[in-house]
Amino acid sequence: LKVEVLDLNEEVVHYAKEFIMYAFKHKFGSQDAFIAATAIAYSTEERSLQVVTSDKGLCAAMKKKGIPFVVPGNRINLE
């Protein structure tokens with residue numbers, strides 16, 4: 001497990017604005033859109049970021065968008 005602090009930049013804000021449209025349907029907060037957007041913006045072929053969350057609504061939206069995620073306590077990736 002490697003942890004790194006990532007900058008909030010214009011690309012992250014752009015993706016967050018797109019991802020926030022899922023918030024009403026899947027019942028997650030606007031700050032979660034920034035979490036998902038950070039994974040989108042900073043993922044590359046060499047480095048795929050996964051979001052760790054137990055928020056069911058956020059997981060449902062990330063699944064729709066194809067963002068990899070892990071639910072704590074589960075041994076499988078629910079992507």
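Values below: every heavy atom of this structure, side chains too, minus hydrogens, waters and symmetry copies.
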Do Met62 and Val51 come close enough that some side-chain heavy atom pair is under 4.5 Å? yes

Enumerate, atom names and distances included, each donor-acceptor pair closer than 3.5 Å involving a side-chain atom of residues 36-43, sequence neighbours excluded.
residue	atom	partner	partner atom	Å
Thr38	OG1	Phe34	O	2.7
Tyr42	OH	Asp7	N	3.3
Tyr42	OH	Asp7	O	2.8
Tyr42	OH	Asn9	ND2	3.2
Ser43	OG	Ala39	O	2.6
Ser43	OG	Leu49	N	3.0

Set of salt bridge (charged side-chain N to carboxylate O under 4.0 Å, His left out) partners for Glu4, sequence neighbours left out: Arg47

Can you tell me if Glu10 has over 12 outside heavy atoms packed within less than 6.0 Å of its CD? no

Side-chain contact, heavy-atom cut-off 4.5 Å: Phe69 with Ile67? no

Enumerate donor-acceptor pairs with a distance under 3.5 Å from any side-chain N or O in residues 12-25 to protein atoms, sequence neighbours excluded.
residue	atom	partner	partner atom	Å
His14	NE2	Glu18	OE2	3.1

Would His26 and Lys56 satisfy side chain to side chain contact (heavy atoms under 4.5 Å, CB included), going step by step from the backbone distance to the final call? CA-CA 8 Å; His26 295 290; Lys56 291 179 183 178; over 6 Å; no

What is the minimum heavy-atom distance between Ser54 and Val71, and which atoms define it? CA-CG1, 4.3 Å

